[in-house]
Protein chains: 2
Amino acid sequence: MAKIDIKGLARELNISASTVSRALRDSHEISKATIDKVKALAEKLNYQPHPYAGSLRKNKTKTIGIVVPEVSNNFFAKVFSGIEVVAQENNYHALIYLTHDDYDKEKSILHHLQSGRVDGVIMSIASNTKDHSHIEELIQAGIQVIFFDRIGESFSTTKITTDDYNSAYKATVHLIEQGCKKPLHITRFLHQTNTKYRKKGFIQACKDYHLPIEDNWVIELNDDAVVEPTLTNILKNEYRPDGIFSSVETLSLYPYKVCKELGITMPDQLKFVSFSNMDAASFLVPALTTVTQPAFEIGKAAAMVLFQQLEKKKRGMQPLDNVFPSTLIVRESSIKNK
Amino acid sequence: MAKIDIKGLARELNISASTVSRALRDSHEISKATIDKVKALAEKLNYQPHPYAGSLRKNKTKTIGIVVPEVSNNFFAKVFSGIEVVAQENNYHALIYLTHDDYDKEKSILHHLQSGRVDGVIMSIASNTKDHSHIEELIQAGIQVIFFDRIGESFSTTKITTDDYNSAYKATVHLIEQGCKKPLHITRFLHQTNTKYRKKGFIQACKDYHLPIEDNWVIELNDDAVVEPTLTNILKNEYRPDGIFSSVETLSLYPYKVCKELGITMPDQLKFVSFSNMDAASFLVPALTTVTQPAFEIGKAAAMVLFQQLEKKKRGMQPLDNVFPSTLIVRESSIKNK
DNA sequence: CTGTTAGCGCATTCAC
DNA sequence: GTGAATGCGCTAACAG
């Protein structure tokens with residue numbers, strides 16, 4: 001199956017390559033007859049334009065980069081699905097890179113992405129990324145960047161998040177309304193935007209309901225190894241919390257395990273709410289209340305906005321950074337009570 | 001930040017573009033001094049070669065396509081993680097496409113992939129794909145294709161699977177050894193290779209243990225909507241099965257739900273084993289025995305083999321199809337008993 | 001050791 | 001309406 005190119009088509013039809021090129025793009029300066037002739041042959045010979053030749057010529061790749069910590073995580077997997085659906089609809093292609101939550105990897109990936117391989121990037125920042133200069137560089141190189149979930153607040157690009165503050169507030173209120181007097185907030189990486197705002201929501205709810213909030217009501221558990229011991233310690237205490245609000249999916253299973261080991265029954269003796277996109281968890285665990293982010297929709301929104309921005313740019317307009325500075329697209333997370 | 005190219009570097013240094021090009025590639029015909037000079041400037045100016053220009057010239061993209069049904073599924077997500085890790089190590093890039101288990105979509109994706117966008121493809125076939133001519137075409141177009149899990153048996157390319165027959169056999173034996181006399185095998189899409197062999201393993205185990213296997217011991221549940229009613233029907237029957245072996249993760253949660261509704265306790269009244277890569281499930285459900293495929297390793301193996309094949313091809317050797325016809329890489333699935 | 005030339009496949013001038 | 005020439009950024013063949 002010899003690859004057929006424009007020159008090949010031209011030769012077959014005894015016309016010039018440029019005519020073929022124009023015919024394939026429905027140029028108005030080509031006669032209907034030629035267009036039909038060319039297209040018929042192209043179809044017959046299964047002609048496919050070489051994507052990289054066009055990219056080189058037009059300086060436009062129709063490709064985006066997706067940079068996420070991982071994908072074995074329902075949230076990111078679903079966001080990706082959303083992006084992918086919209087990408088296919090718009091004939092964009094998606095290169096995906098995993099940072100494995102590692103700053104150095106994220107840095108080298110973004111550095112490479114300046115090369116012209118992609119038109120734009122959709123990303124969620126690695127959990128141990130604190131310096132954002134590598135992102136700044138990418139933007140400076142003219143690559144459109146869109147953030148979701150773990151966003152770079154300082155950049156004036158589009159950001160897509162759920163309303164972390166409000167969702168956390170509601171989740172906490174939910175605990176309180178079930179009778180909690182001493183809720184515990186377990187979380188990770190509070191320097192990230194999402195966890196930071198969730199913590200704020202938790203605290204505000206406690207204040208609004210006049211709970212005597214103390215320092216040890218919020219605990220940051222970044223290291224997998226310490227989660228169980230720490231929780232065990234806290235829960236076997238006589239004055240243990242009567243409710244837990246987990247900020248991240250990763251922490252949502254530990255309380256069950258520890259409670260089971262300690263003989264604490266849920267939800268009778270301990271209420272529990274967690275951010276989670278794990279379908280299985282809410283299905284299997286009767287007492288589980290989850291705060292679920294609309295991951296698929298976030299992905300779709302991110303892609304739609306990015307493609308729209310890229311198309312405008314193509315038509316020679318200003319890059320949209322200037323038109324929509326710092327667009328913040330916020331969606332509600334739904335609280336599912338099982 | 002003006003993009004810098006080879007010509008730019010050449011101009012700065014008053015040497016020719018080809019010298020720069022060679023220096024950057026550590027050509028042995030360039031003096032050490034020039035190489036150093038060039039590299040220093042390249043570093044300083046943050047030069048990045050344009051990937052598509054090189055691809056065009058060398059007819060090699062350093063990019064692979066990953067075509068999978070979905071990624072919101074722990075198995076595929078982990079396979080992808082494995083692929084991605086190896087890809088980064090080898091400086092390959094991964095374009096990912098989701099078929100959403102739709103034959104038409106799979107067909108159009110593969111058709112596009114003939115265009116020269118990728119050097120190779122790693123795929124798992126959509127569940128409703130029965131005709132394989134679109135895959136044949138892709139291979140004919142000179143794209144290396146590697147299958148995993150849901151493989152195309154008829155192609156003489158590398159295939160990576162777990163030993164479905166054997167794993168299913170063992171899982172069934174596990175049920176029988178726990179006292180099952182009437183196991184039920186629930187499965188999906190028996191025209192696929194993986195489910196087909198799992199069914200065979202189930203049946204053989206039943207035979208080897210002299211269970212009087214009947215037609216209704218295997219049931220194919222392709223439609224989400226009928227799963228619950230069908231299971232309910234089966235399980236409320238007086239002569240219901242005393243064990244269930246599920247062939248796919250998607251079906252692994254329904255039995256719990258139905259049993260809970262019917263008041264059947266697991267594992268006392270009903271043993272259960274399922275193929276599953278869902279971490280949460282085995283964590284949360286005490287009675288769950290899972291057959292877990294080494295997804296991450298499958299991904300790594302697929303990528304390693306593919307890259308190895310592509311590198312050989314590059315050096316002008318025969319494409320490896322001829323060297324390793326129909327390489328079948330099989331791995332054990334582990335059975336985890338909780 | 002280095003420079004000149006050509007061309008990967010395509011789209012866009014500029015001619016006619 | 002169509003063809004010839006040019007160049008996207010890079011590498012490789014051919015010269016010295």
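Naming: A, B, ... by sequence-line order, numbering from 1 per chain.
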Which atom of A:H93 lies closest to which atom of B:L95, heavy atoms considered:
CB-CD2, 3.8 Å
Heavy-atom donor-acceptor pair, B:K130 side chain to B:N128 backbone, under 3.5 Å:
no
Would you say NZ of B:K105 has more than 12 non-hydrogen atoms from neighbouring residues, nucleotides or ligands within 6.0 angstrom?
yes
Whole-Å gap separating P (D:dC10) and NZ (B:K60)
15 Å
Phosphate contact (D:dC8 OP1 or OP2) by B:K7 side-chain N/O below 4.0 Å:
yes
Looking only at side-chain N and O atoms, does B:R22 come under 4.0 Å of OP1 or OP2 in C:dT2?
no
Taking CZ from B:R25 and P from C:dT2, how many angstroms apart are they, rounded to a whole number?
17 Å
Nearest whole angstrom, please: distance from the C1' of D:dT2 to the CG of A:N14.
14 Å
Using OP1 and OP2 only, check whether a side-chain N or O of A:S31 sits under 4.0 Å from D:dT2.
yes
With distance as the sole test, does B:H100 use its side chain to make a donor-acceptor pair with the main-chain N or O of B:A126 at under 3.5 Å?
no
Does D:dT2 have its OP1 or OP2 closer than 4.0 Å to a side-chain nitrogen or oxygen of A:T19?
no
Taking atom C1' of D:dC10 as reference, at what distance in whole Å does atom NZ of B:K62 sit?
16 Å
Give A:T34 one of three labels, base, sugar-phosphate or nothing, depending on what nucleic acid heavy atoms sit under 4.0 Å from its own.
sugar-phosphate
Selected nucleotide, minimal atom distance to B:S18 side chain, candidates D:dA12, D:dA13, C:dG9
D:dA12
Atom NZ of A:K58 to atom P of D:dG9: distance rounded to whole Å?
15 Å
Can you tell me which nucleotide in C:dG3, D:dG7, D:dG9 comes closest to the side chain of A:R57?
D:dG7
What is the separation between atom NZ on B:K3 and atom P on D:dC8, rounded to the nearest whole Å?
15 Å
Just the rounded figure in Å: distance from C1' of D:dG9 to CG of B:L24.
13 Å
Minimum-distance nucleotide to B:A53 side chain [options: D:dG9, C:dG3, C:dA11]
D:dG9
Closest-nucleotide mapping onto DNA chain C: is B:K32 or B:A17 further toward the 5' terminus? I mean the 5' end.
B:K32
Below the 4.0 Å mark, does C:dC10 have OP1 or OP2 next to a side-chain nitrogen or oxygen of A:Y47?
yes
Could you tell me if the side chain of B:I30 sits less than 4.5 Å from the side chain of B:T19, heavy atoms only?
yes
How close or far is atom P of D:dA12 from atom CD1 of B:I30, stated in whole angstroms?
13 Å
So if I take every side-chain heavy atom of A:I15 and compare against C:dC10, D:dG3, D:dA12, which nucleotide ends up nearest?
D:dG3
